[in-house]
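To keep things clear, I will list the structure first and then write my remarks on it.
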Amino acid sequence: MTSIARLISRKPYETQVFALRRHWVILAAHVFEYLVLAAIPIGVYVFFQEAMPDFLNHPTLYPLIILTVSASELGLLLLLFTMFLDYQLDLWVVTNDRLISIEQLGLFARTVAELDLWRIQDVTSDVQGIFPTLFGYGNVHVQTAGATERFILEQVPDPYEVRKIILDMADLDRKFHQEDDAIIHKAVVGP
Amino acid sequence: MSITIGAFLVPYLLFLALFVVGGVVNIYHMVKFGTYTLPNYIALVIFLGGAAVMIWGTIALLAGVEWATPLLTIGSDPTTTSFQ
């Protein structure tokens, strides 16, 4: 059993429709940024080695440069790992009964929220910008009857399809709840 | 009394301690909240392997450094330091 399964105990009649993370392009962009930043200290070191070798032979400056480059590379590696975990631990799960949002906020904060599908009133998807349009990712906003309660599935792939599926599942769940209410009403009031 | 270039190692080791704490917290999050998938294992191997290579590289590059070289001598002529 995964830890996510432990976080969201599944009801007996519940089946998972889909689970979403941010689009892979978001992760790839962060990795690219990391590689560029990681190349800078190494590039500076190589530059000094080629252009000013005496500078690197200095008994004091040489260890200082090596320790600085090493610390910056290790720091970047830790940042990359943290960013990957942030990407990997943010998850939206849609079942035939509810929408669950699991969000990792930095290293020490985590939010798990859920929403009954039958309460959903409006679902909006938006794709804004060149890269989201090219790679087909965007945000899906889920609005319930409450004025402020709102879920946002951020930078998910194929937001139009996700919107359509959530709306279809919400309709199905609403019908199921209406039938349930009718049965209860019949049992209490009589035919 | 003189301060040697070995003093550079103090902030570096402090940074390494922070790096280890950050790494352990991240791995804890991965084990506790993550799914047991191939990308997670690959990321863990890259992180641990990358850190090992960088620390090993640093040790190898600094192998010949004379850490007892004076950086600053307190109470003496500043022109006698290694920054001459």
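As the structure is a prediction and not an experimental result, all values here were calculated from the model.
- Both the backbone and the side chain of B/P39 come within less than 4.5 Å of a heavy atom in chain A.
- For B/Y12, the part sitting under 4.5 Å from any heavy atom of chain A is the side chain, from C-beta outward, and nothing else.
- Comparing A/V69, A/T68, A/I66 by how many heavy-atom pairs each has under 4.5 Å with chain B, the most go to A/I66.
- Under the 4.5 Å side-chain heavy-atom criterion for Ile, Leu, Val, Met, Phe, Trp and Tyr, A/V44 and B/M54 are members of the same hydrophobic cluster.
- Within the 4.5 Å cutoff, the side chain of B/I5 has no heavy atoms near those of the A/L64 side chain.
- In the hydrophobic clustering of this structure, B/I46 does not group with B/V31; members are Ile, Leu, Val, Met, Phe, Trp, Tyr whose side-chain heavy atoms approach within less than 4.5 Å, directly or through other members.
- With a 4.5 Å cut-off on non-hydrogen atoms, A/Y45 touches chain B through its side chain but not through its backbone.
- Using a 4.5 Å cut-off between heavy atoms, A/L85 touches chain B through its side chain atoms alone.
- Summarising the geometry, atom CG belonging to A/L89 is positioned 7.5 Å from atom CE belonging to B/M30; distances are rounded to the nearest 0.5 Å.
- For A/F18, the CZ atom is densely surrounded, since the number of other residues' heavy atoms within 6.0 Å is greater than 12.
- Distance check: A/D86 CG to B/N26 CG gives 10.0 Å after rounding to the nearest 0.5 Å.
- Both the backbone and the side chain of B/I27 have a heavy atom closer than 4.5 Å to some heavy atom of chain A.
- For the pair A/L80 and B/F47, the minimum side-chain heavy-atom distance is 4.5 Å or more.
- Between the CG atom of B/L44 and the CZ atom of A/F84 there is a distance of 9.5 Å, given to the nearest 0.5 Å.
- With a 6.0 Å radius and a threshold of 12 heavy atoms from other residues, nucleotides or ligands, A/L134 has its CG atom above the threshold.
- Between B/T58 and A/S70, the shortest heavy-atom distance links the atoms OG1-OG, 2.8 Å.
- The cluster map of Ile, Leu, Val, Met, Phe, Trp and Tyr, joined by side-chain heavy atoms under 4.5 Å apart, puts B/F19 and B/L14 in different clusters.
- Interface summary for chain A: among B/V65, B/L62, B/L18, the most heavy-atom pairs under 4.5 angstrom belong to B/L62.
- Heavy atoms of B/F15 lying under 4.5 Å from chain A belong exclusively to its side chain.
- Hydrophobic clustering (ILVMFWY, side-chain heavy atoms < 4.5 Å, transitive): B/V53 and A/Y34 are in distinct clusters.
- There is no path of hydrophobic side-chain contacts, each under 4.5 Å, that joins B/L48 to B/V20.
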